[in-house]
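Worksheet: the structure to be examined is printed underneath.
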Amino acid sequence: MDELIREREEAIEKVFGADAYKCVISNPISGTEYRKIEMNRMNGLWYLEKYTEKQVFHEKKDDREAKSFLCEVFGDSFKNMNIWTEEYEHTLRLSKKGKLMTGKQRVQKQQAPKVKVGHNREKNYILPQGTKIEPLIDMGVFTKEGKVVNSMYDKYRQINRFIEIVDDEVKNLPDKKLTIIDFGCGKSYLTFILYYYFTEIKKAEVEMIGLDLKADVIEKCNQTAKKYGYDGLHFEVGDIGKYQNSGDIDVVISLHACDTATDYALFNAISWKAKMIFSVPCCQHEINNQIKSETFSLLTRYGIVKERFSALLTDSIRCNLLEVCGYRTQMVEFVAFEHTPKNIMIRAVRKGKGSSDKMTEVQSVINEFHLEPTLYRLLDEGGYLSK
Ligand SMILES: C[S@@+](CC[C@H](N)C(=O)[O-])C[C@H]1O[C@@H](n2cnc3c(N)ncnc32)[C@H](O)[C@@H]1O
């Protein structure tokens with residue numbers, strides 16, 4: 001056995017040198033928590049993305065830690081490993097009987113996989129720098145040359161990632177005019193970029209609505225849409241909770257709609273049977289003000305733990321309720337925590353059939369922590385929950 005482990009470690013040692021920049025670990029051994037791990041080297045550090053069925057977890061390692069991590073998981077948790085260097089893609093594979101097989105093939109420069117790079121170099125975004133989206137120049141996100149304004153870089157990164165996640169799903173939408181609503185659109189950077197993405201990149205016909213409470217901001221957004229001939233995009237002043245739409249809504253979006261505004265956005269989407277929902281919640285205060293538990297008082301004793309646990313619990317309950325209402329739902333860490341702590345996206349795709357066992361889970365957590373979450377109340381009052 002030691003001999004086998006030594007052989008694997010030597011194989012990794014041989015190919016995982018200073019010029020390695022990407023690694024994909026796959027083919028998990030049964031019982032492994034992750035189904036795949038992707039590692040990209042940027043600015044001297046390895047950035048790991050660990051994929052479970054529903055989530056992605058992020059981690060950083062230096063070269064030495066990364067190498068010992070590979071040695072640890074290869075054979076123990078995974079059976080395949082692909083490592084890219086400047087010249088080669090190396091393959092390390094274990095047969096059913098644990099026999100090591102290695103191979104390599106020369107990388108054609110134009111076939112090299114996308115490299116995820118750090119702050120100072122450009123990543124292969126769907127909307128790379130230089131893309132001229134004129135309203136965004138007016139709004140001060142891009143310069144006239146299409147460069148991202150330094151202070152707007154984090155926002156640009158968030159929006160690009162948002163669009164990447166949307167892009168992964170929208171290929172499953174029917175080939176017809178799409179109706180999209182952005183709840184709590186604010187200054188509408190995301191709304192304008194999404195409109196550009198759908199109409200210019202996907203060449204789709206869309207009607208897009210942005211809704212926000214702020215009349216002055218909405219007026220400005222409507223002027224900008226008109227100025228640039230974005231005919232399928234308009235903005236309305238209104239409260240998400242009171243918003244009425246009789247139409248056939250395909251996609252509901254919300255980015256950082258505060259506290260329970262997200263619940264109203266999700267409730268509207270569910271009641272319209274929207275096909276897809278992309279929602280990044282923030283300021284989840286509601287549960288933090290309600291939570292108490294006799295059994296799990298250690299989760300509510302320390303302010304910071306209580307706050308973070310409440311925020312995560314809020315979103316877990318929301319996701320479970322979406323499942324109850326017939327949505328396949330995931331929580332995705334959509335940008336790294338250092339860019340924004342409000343970094344979890346709820347992505348939900350309508351499947352039709354609800355999951356009643358998820359209802360039992362929600363009910364028990366609500367009882368345990370004495371909660372009255374808004375989305376639960378709205379769905380209950382609307383008759384969407386069968387208990
Ligand atoms: C943090 S900002 C996010 C703006 C934009 N989505 C973005 O990410 O840049 C939250 C926005 O949600 C709006 N908002 C909060 N509650 C709302 C409600 N009940 N109805 C409509 N808009 C709401 C606020 O006015 C604000 O513009």
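First listed ligand is number 1; within each ligand, the first listed atom is number 1.
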Residue pair Arg93 / Lys79, side-chain heavy-atom distance below 4.5 Å:
no

Please output the side-chain donor-acceptor pairs of residues 208-216 that fall under 3.5 Å, not counting sequence neighbours, one pair per line with the distance.
from, atom 1, to, atom 2, distance (Å)
Asp212, OD1, Lys214, N, 3.1
Asp212, OD2, Cys185, N, 3.4
Asp212, OD2, Gly186, N, 2.7

Between Lys306 and Asn288 (side chain of the first, backbone of the second, donor and acceptor by atom type, cut-off under 3.5 Å), is there such a pair?
yes

Check: Glu59 main-chain N/O paired with Tyr47 side-chain donor or acceptor under 3.5 Å:
no

Might you list the protein residues in contact with ligand 1, defined as having a heavy atom under 4.0 Å from one of its atoms, sorted by chain and number?
Lys155, Gly184, Cys185, Gly186, Asp212, Leu213, Lys214, Gly238, Asp239, Ile240, Leu255, His256, Cys258, Ala261

Under 3.5 Å, side chain of Thr262 to main-chain N/O of Ala257, donor-acceptor pair present?
yes

In terms of heavy-atom contacts, Met81 and Cys23 come closest through CG-SG, 4.0 Å

